[in-house]
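Following: one structure in structure tokens, then a few remarks.
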Amino acid sequence: MLAGMGVSVSMLASGSRGNCAIVASACTKILVDAGISCRETFKRMKAIGEDPRTLSAILITHEHSDHISGLATLAKKLRIPVFMTGATHQAWSRAMRDENGVRPQLERFERFESGHSFQVGDIAVKPFTIPHDAADPVGFTFRAEGIKVGIATDLGYVPISVRDHLRGSDVLVVESNHDLEMLRVGPYPWSVKQRVMSRVGHLSNMALADFFTNDYDNNAAFVVLAHLSEQNNHPEIARREAERALATRGGLFLNRVLLASQAEALEPIRL
Ligand SMILES: [Zn+2]
Ligand SMILES: [Zn+2]
């Protein structure tokens, strides 16, 4: 491959039934989360013209099943390094024990620590802590060829530290999980509603709009709304709230707002 071919972001799946994305430079291709089956991951990669055999590594944000359900099979098939924090790895292997208590093994497990940058090929990765009810959940920023990609989903609110990490992103993938009113009157049991709404749950359209209005630097060429709830949100509501908030900053014309989908891969975003 030629150098300087740019950076791309491909949202393969997003939502509570499975999350998976690809961040790629000309020579490195990172799978971010493995929350859909191996077969479905390969199918969706092929649909956007990507060859699974060209993946360089898998990075995991946290151990919830919608981020790891395809991991064991993908890692076995692809034999590429899998990066996660020690605590996430512990929680993952504990959750995946078989009936005899035997934990799954990763052939090539690479440990990282939140807050400490590392390199995958020519992509510099910075994991950062997000407020969510998992063992050691992280978001990521990726830098290659002068382009920065920020990914932060599964967070109860946007702390100052997260805002600082996301600053300067050219592609910003952020959670727009639920409409508060839809969640409030929706079918979830109250305990689940409380969990989603909590400071370690998921980010509402309104909380994201608040971030766009007050804390966002208006830098991204593309804003991807991700991890939308199928029960408690609607893509057009999420889009309208995000665009309204971005417009208050005069940013609507700078930011192209895209919606990640649970059902199918988005066309790759290329920069
Ligand atoms: Zn989660
Ligand atoms: Zn999730």
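We count ligands from 1, going down the list as the structure has it; atoms in each ligand are counted the same way. Nothing fancy with the numbering, it's 1 onward along the sequence.
- Not counting sequence neighbours, the partners of E230 by the side chain to side chain donor-acceptor pair (under 3.5 Å) test are R17.
- Seen from the Zn ion (ligand 1), atom NE2 on H62 and atom ND1 on H64 lie at an angle near 90° (rounded to 10 degrees).
- Taking backbone and side-chain atoms together, H67 has no N/O/S atom less than 2.8 Å away from the Zn ion (ligand 1).
- Taking the Zn ion (ligand 2) as the apex, the angle formed with OD2 of D66 and NE2 of H227 is 90°, to the nearest 10 degrees.
- Of the charged side-chain nitrogens involved, none lies within less than 4.0 Å of a carboxylate oxygen, so that E236 and R240 do not count as a salt-bridged pair.
- Using a 4.5 Å cut-off on side-chain heavy atoms (C-beta onward), V174 and Y216 make no contact.
- Backbone or side-chain N, O or S atoms of H202 do not reach the Zn ion (ligand 1) at under 2.8 Å.
- For the pair N100 (side chain) and V102 (backbone), a donor-acceptor distance under 3.5 Å is absent.
- Atom OD2 is the N/O/S atom of D154 found closest to the Zn ion (ligand 2).
- To the nearest 0.5 Å, atoms CG (D66) and OG1 (T61) are separated by 8.0 Å.
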